[in-house]
There are 2 protein chains.
Amino acid sequence: MNKKQLVVKISGALNLSKADAERTFDTITNTILDALKADDSVKIAGFGTYKVAKRKARVGRNPRTGEQIQIAASQKVKFLPAKALKEVFNR
Amino acid sequence: MNKKQLVVKISGALNLSKADAERTFDTITNTILDALKADDSVKIAGFGTYKVAKRKARVGRNPRTGEQIQIAASQKVKFLPAKALKEVFNR
DNA sequence: TTTCTATATGCAAATACTGCATATCCAATT
DNA sequence: AATTGGATATGCAGTATTTGCATATAGAAA
């Protein structure tokens, strides 16, 4: 399912126009993003937690050439599913 | 930031009541969940992809006793940040 | 108040990560 | 509706990182 299809579903479920549904969805993702940018985590009970994980610099390898390369430290958004979400997929 | 605070922000940004904002948010997460339950992935351009990852059974360990235990195969919801999302946190 | 979640622990195995080319897939514009 | 530019998936090798177990506690959320 892509964003377009998701927006159609939301628009149906909430009785909104597609444009409004998309605007709503974007507002929510942007709100989450803003919090993450501010180095805050976003905890959604029953769904999961978004947080920014810091990765240290390390030595990697180009699998094509076998050559060692230096990989810079980076940050990545992580999503940790809540207990309830895990259970949905494991019973 | 927790769900309550997120709902307040959404309600402000979209000029909705808190109850409506929460209902909207829940509808969206449920829509995503339904797709995942149907073993579909959910791709949000510019944000990321939710998918269900299957994990194999393996041998684990009770950290308290050191005893080996068998861990069953399981499934987990994974979120893969989109390129744009990664760049936000690495520049 | 009562339920949910994070944290901490040791350790084996699974998985992620890297560059890059190709193939596929989307989104937006015409 | 079709085209196209951009984004993403895949595969690869080897190492680094994560995962997940049991369980109690602390802290936060409903």
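Lettering follows sequence order; numbering is per chain, from 1. Keep in mind that the numbers below use all heavy atoms, side chains included, and drop hydrogens, waters and symmetry copies.
Rounded to the nearest 0.5 Å, atoms OG1 (A/T49) and CG (A/L80) are 6.0 Å apart. Atom CG in B/L85 sits 5.5 Å away from atom CG in A/L33 (nearest 0.5 Å). For the atom pair A/K54 NZ and A/D39 CG, the distance stands at 4.5 Å (nearest 0.5 Å). The CD1 atom of A/I28 lies 3.5 Å from the CD1 atom of B/I28; values are rounded to the nearest 0.5 Å. If you take NZ on B/K43 and CG on A/L6, they are separated by 13.5 Å, rounding to the nearest 0.5 Å.
Applying the side chain to side chain donor-acceptor pair (under 3.5 Å) test to pairs two or more places apart or on separate chains, those with a residue in residues 2-15 of chain B are B/K3-B/D26. Counting only residues at least two apart or in different chains, ring pair (Phe, Tyr, Trp, His ring centres under 6.0 Å) contacts with residues 7-38 of chain B are absent. Applying the ring pair (Phe, Tyr, Trp, His ring centres under 6.0 Å) definition to pairs two or more places apart or across chains, those involving residues 45-77 of chain A are A/F47-A/F79, A/Y50-A/F79, A/Y50-B/F79. Listed by first and then second residue, the salt bridge (charged side-chain N to carboxylate O under 4.0 Å, His left out) pairs involving residues 71-80 of chain A amount to none (not counting sequence neighbours).
Rounded to a whole Å, the CG atom of B/N62 is 13 Å from the C1' atom of D/dA24. Taking atom CD of B/E67 as the reference point, atom P of C/dA12 lies 14 Å away to the nearest angstrom. Protein atom CD1 of A/I71 is 13 Å distant from nucleotide atom P of D/dT15, rounded to whole Å. Across the protein-nucleic acid pair, A/E87 atom CD and C/dT3 atom P stand 15 Å apart, rounded to whole Å. Regarding B/Q70, its CD atom lies at a distance of 13 Å from the C1' atom of C/dA14, rounded to whole Å. For the pair B/I69 CD1 and C/dT9 C1', the computed distance is 13 Å after rounding to whole Å.
Taken together through direct or relayed side-chain contacts under 4.5 Å among Ile, Leu, Val, Met, Phe, Trp and Tyr, B/V8 and B/L14 form parts of separate hydrophobic clusters.
Two end axes, each from the C1' atoms of five base pairs, can be drawn for the helix from C/dT1-D/dA30 to C/dT30-D/dA1; they diverge by 150°, to 10 degrees.
For DNA chain C, the neighbouring residues in residues 52-61 of chain A, judged by any heavy atom under 4.0 Å, are A/R55, A/R58, A/R61. Residues from residues 27-42 of chain B lying near DNA chain D, meaning a heavy-atom separation below 4.0 Å, are absent.
Between A/T65 and C/dG19, a side-chain N or O to OP1/OP2 separation shorter than 4.0 Å is absent. Note on A/K83: every side-chain N or O is 4.0 Å or more away from OP1 and OP2 of C/dT5.
Toward the 5′ end of DNA chain D lies the nearest nucleotide of B/A82, the other residue of the pair A/K78 and B/A82 mapping further downstream. Of the two residues near DNA chain C, B/P63 and A/L80, the one whose nearest nucleotide lies more 5' is A/L80.
Among residues two or more places apart in sequence or in another chain, the side-chain contact (heavy atoms from CB on, under 4.5 Å) test is passed with B/Q70 by B/A57, B/V59. Residues passing the side-chain contact (heavy atoms from CB on, under 4.5 Å) test with B/A38, sequence neighbours excluded: none. A/K56 meets the side-chain contact (heavy atoms from CB on, under 4.5 Å) test with no other residue; sequence neighbours excluded. Annotation: side-chain contact (heavy atoms from CB on, under 4.5 Å) contacts of B/D40 (sequence neighbours excluded): A/M1, B/A35.
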Self-check item: Under 4.0 Å protein heavy-atom contacts per nucleotide of nucleotides 21-30 of chain C, with B for base, S for backbone only and - for none
Solution: -----SS---

